[in-house]
Amino acid sequence: MSDDHTVQVSGDASTHTYDEGCAERKLTLKDLDAEKITWCPGCGNFGIFIAIKKAILNLGIDPSQFYFVYGIGCHGHMVNFLDVNGFEGLHGRAVPVAVGAKLANSRLKTIVITGDGDCLGEGLNHFVTAARGNQDITVVIHDNQVYGLTTGQTSPTSDKGFKSKSTPQGVIERPVNPLALALTSGATFVSAGFAGDIRQLQTLFEQALTHTGFSLLNVYQPCHTYNKVNTYDWFRDRVYKLDESTHDSSDFHNAVKLAYDPEKLATGVLFQAEHPSYEQDAKLTESIVGKGPNKEALGRLLENFK
Ligand code: SF4
């Protein structure tokens, strides 16, 4: 990332080799690019995008084993930029689509790319329900505290008093706290990162993906076109990395306390716990993908409708 916060997407030398059937293929970051990127220059989405691509290569998993579900918003345009299986559906409905996909094909690494508006406004109940169930998905929130795609209205994470075209006299409500909400809803992996720190984001994304159960990566993502308050500098004055040698990520109450810190923004893994995922609890041990219908059970079911 350069001083003016623009990011060089192409030209990165990171590569990964994986088996694709019999043939060995070398992948580079550029291989994961699809359409030309249309985000505003300097948008925090670039940092998240690069971190995700690097993680895909670094994990050494065939890209066909990932499934991305996108919400509606500037973040959702990633469906056009990332050349990996993806689906973009209705506003706020990315989480239930991901849950369904994961239950149907448990082999997939299923990731939700969503925004603060999409996930915590239109999709709030889905977010809470999936966290309660410890569904085995990873949710990445591009938290820019504004609705960027629709040109800058207040979002659920906008600070109290934030002025926008939808709230010219300032927001009256207090903001939703994504980290605290995830923690108190039952999420078993809760982390935070900053779009200006790609290296840490990559690590956090990899950790979230390898966690069994509901994992959240909330990313502080400047939208410098419509949010002139929560800028790169604003975040740089507040973010700090949790010290892994002293931070106890199994301490739930401390994680809640960190999530509510009014002065500073902790980044890293705030909380992690081992609990059975929804699939494990429900004993859904086999993926239904690739299986034919159970004709006997189907016949018995149809008998009930005669
Ligand atoms: Fe990024 Fe904001 Fe531009 Fe959307 S409007 S692409 S969030 S800078």
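Ligands are counted one by one from 1 in listed order, and the atoms in each one are counted from 1 as well. Model, not experiment: these values are computed from the prediction.
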- Note on the structure: The single option from Phe214, Phe189, Phe252 that satisfies ring-ring contact (aromatic ring centres under 6.0 Å, His included) with Phe271 is Phe252
- Going by atom types alone, do Thr231 and Asp233 pair a side-chain donor with an acceptor below 3.5 Å? no
- Query: Side chains of Ser277 and Asp136: is there a donor and an acceptor less than 3.5 Å apart?
  - Reply: no
- Task: Name all residues meeting the salt bridge (Lys or Arg N to Asp or Glu O under 4.0 Å) criterion together with Arg300; count only those two or more places apart in sequence or in a different chain, and write none if there are none.
- Result: Glu296
- Take atom 1 (Fe) of ligand 1 and tell me which protein N, O or S atoms are nearer than 2.8 Å. Cys43 SG
- Counting from 1 in the order shown, the ligand 1 atoms closer than 4.0 Å to a non-hydrogen atom of Tyr226 are 5 (S)
- Note on the structure: Between Asp118 and the options Ile141, Ile72, Val112, the side chain to side chain contact (heavy atoms under 4.5 Å, CB included) test singles out Ile72
- Message: Over 60° means perpendicular and under 30° means parallel, so tell me whether Phe205 and Phe68 are parallel, tilted or perpendicular.
- Response: parallel
